[in-house]
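A short worksheet on the structure shown next.
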Amino acid sequence: MKLLVKFNLVFLLVFVVGLAASGTVARKLLQDGAHDEVLDRARLLMENAMAVSAYTANQVAPLLETQMKYTFLPQSVPAYSSTEVLNALRKAHPEYAYKAAMLNPTNPRDRAQDWEEDVIMQFKQEPERAEFIGQRDTPAGRSLYIARPIKIVNANCLRCHSTVDAAPASLVEKYGPANGFGWVMNEALGAQVVSVPMSVPLQRADRAFVVVMGLLASVFLLIGVALNLMLWQLVIRPVSQLSKLADRVSLGELDAPEFKARARDEIGVLSDSFSRMRRSLVHAMKMLDT
C-alpha cells in the first residue's frame with residue numbers, strides 16, 4: 001500500500017470521527033439554545049399575564065365594586081383579564097396559548113383539560129413547587145409549556161368562592177351555583193399555563209446545524225487537499241525520484257545523474273547523503289578498475 005493511500009485512510013478516519021464528534025456537540029448546543037429561547041418566551045408571556053392580573057386586582061377591581069352589587073363584571077377578575085389580553089395576542093400569533101386552567105372553575109372556559117389536570121396534580125402533590133416545565137405534541141408540532149400554580153392567598157377571594165350563600169348574587173346569577181365554590185386557602189386549585197411552539201426555533205437550530213456541519217466538512221476537505229498536495233510535492237515526489245535513481249545506481253548505471261534537492265529539510269539531507277554515497281561508489285569502482 002502506497003504512502004499516500006495510507007495517509008488518506010488515516011486522515012479519512014480522523015475526518016469521520018472528528019466530524020461525528022463535532023456534529024454531536026454542535027447539535028446538542030443548538031438544540032439547547034432553541035429550548036432556552038422558547039423557555040424565555042414562555043416566561044415572558046407568563047410574567048405579562050401575571051402583571052395584567054396584578055393590575056386588575058389592584059387598580060381595576062376596586063373601581064368596579066359599586067357596579068358589582070348589581071351586575072357581575074368578569075373584567076374585575078384577574079384571571080379573566082390576563083386571559084383576554086393574551087387572547088388578543090393570539091390573533092397575531094395563534095400558535096401561542098395561555099390559560100388559567102382550573103379543576104373547579106367559575107367560568108367554564110377555564111376548565112382544565114386532561115393534560116392540564118396532570119400538571120395541577122403535580123402542584124398538589126408538591127405544594128412547594130413553584131414552576132413546572134414540560135413538552136407535548138400539538139397539531140402545530142412540538143410545544144413547550146410552563147405552568148405555575150394558582151392558589152388562594154388572599155382571604156378576600158373566598159367571598160366569591162367559599163360557598164354559594166357567601167358569594168355575590170350577581171356572580172351566582174351569571175355563572176350558576178354549580179361551579180367555582182369550595183375553594184381552600186393555600187391549596188393548588190389550578191395552574192397558569194403558557195404554551196409556546198418549538199417548531200420555529202428548532203427549524204432555525206437545524207438550519208444552523210447544517211451550515212456548521214457544512215463549514216466543518218469544507219474545512220476538513222481543504223485541509224486534506226492541502227496536506228495531500230504538500231505530501232506529494234515535499235515528500236512523495238522527491239522520494240520517488242531518489243528511489244528510481246538509487247535503483248539505477250544499484251544496477252551499475254554509474255553515469256546516472258545526481259539528484260539535487262533545493263530544500264534544506266530532511267529530504268535535502270537524504271539527497272546529499274545519497275550523492276556522497278554515489279560519489280564514493282564511483283570512486284571505489286574506478287580504483288578497482290585500475
Side-chain angles (χ1 to χ4, degrees), residues 22-57 74-75 77-126 129-151 188-216:
S22 301
T24 301
V25 174
R27 188 171 185 82
K28 181 68 168 58
L29 290 175
L30 290 170
Q31 288 186 338
D32 288 347
H35 180 273
D36 292 342
E37 178 184 349
V38 173
L39 192 58
D40 287 342
R41 291 183 183 181
R43 285 203 170 102
L44 180 62
L45 289 176
M46 179 67 76
E47 294 298 332
N48 183 37
M50 295 180 69
V52 173
S53 296
Y55 172 78
T56 301
Q75 290 79 7
V77 180
Y80 178 89
S81 298
S82 58
T83 300
E84 289 297 308
V85 169
L86 292 194
N87 279 345
L89 175 66
R90 293 190 64 193
K91 293 179 180 179
H93 302 280
E95 66 276 14
Y96 293 84
Y98 169 80
K99 184 177 180 180
M102 304 292 292
L103 295 177
N104 181 23
T106 301
N107 191 333
R109 76 174 182 180
D110 296 331
R111 186 169 299 280
Q113 300 178 13
D114 292 341
W115 70 272
E116 293 169 336
E117 290 181 0
D118 294 337
V119 174
I120 297 171
M121 293 308 298
Q122 289 282 343
F123 290 125
K124 281 183 172 294
Q125 294 169 6
E126 303 176 49
R129 187 164 192 165
E131 188 175 81
F132 185 86
I133 298 172
Q135 296 183 26
R136 66 187 188 94
D137 292 320
T138 67
R142 197 72 175 163
S143 178
L144 180 144
Y145 64 87
I146 180 173
R148 293 179 181 175
I150 297 177
K151 299 180 180 180
L189 305 169
Q192 291 178 293
V193 183
V194 171
S195 298
V196 180
M198 295 193 66
S199 56
V200 174
L202 287 178
Q203 287 173 1
R204 284 204 295 264
D206 289 340
R207 287 196 297 268
F209 175 74
V210 171
V211 173
V212 170
M213 296 308 295
L215 290 174
L216 283 175

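Starting from 1, each residue takes its place in the sequence as its number.
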Heavy-atom check, side chain of [X] versus side chain of [Y], under 4.5 Å:
{"X": "Leu189", "Y": "Leu103", "answer": "no"}
{"X": "Val193", "Y": "Gln113", "answer": "no"}
{"X": "Met102", "Y": "Ile150", "answer": "yes"}

### Query
Is there a donor-acceptor pair closer than 3.5 Å between any side-chain N or O of Ser143 and the backbone N or O of Val196?
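Yes.
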### Query
Would you say Lys151's side chain and Ala188's backbone share a donor-acceptor pair under 3.5 angstrom?
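It does not hold such a pair.
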First locate atom [atom1] of [X], then atom [atom2] of [Y], and finally report the distance between them rounded to the nearest 0.5 Å.
{"X": "Ser199", "Y": "Arg204", "atom1": "OG", "atom2": "CZ", "answer": "9.5 Å"}
{"X": "Ile146", "Y": "Phe132", "atom1": "CD1", "atom2": "CZ", "answer": "11.0 Å"}
{"X": "Arg136", "Y": "Leu144", "atom1": "CZ", "atom2": "CG", "answer": "10.5 Å"}
{"X": "Leu86", "Y": "Ser81", "atom1": "CG", "atom2": "OG", "answer": "11.0 Å"}
{"X": "Glu131", "Y": "Gln122", "atom1": "CD", "atom2": "CD", "answer": "13.5 Å"}
{"X": "Arg148", "Y": "Met50", "atom1": "CZ", "atom2": "CE", "answer": "5.5 Å"}

### Task
Examine the side chains of Arg90 and Tyr98 and answer whether a donor and an acceptor come within less than 3.5 Å of each other.
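Checked: Arg90/Tyr98 side chains show no N/O donor-acceptor pair below 3.5 Å.
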Electrostatic pair [X]-[Y], nearest N-O below 4.0 angstrom:
{"X": "Arg142", "Y": "Asp137", "answer": "yes"}
{"X": "Arg109", "Y": "Glu84", "answer": "yes"}
{"X": "Arg111", "Y": "Glu116", "answer": "no"}
{"X": "Arg41", "Y": "Glu37", "answer": "yes"}

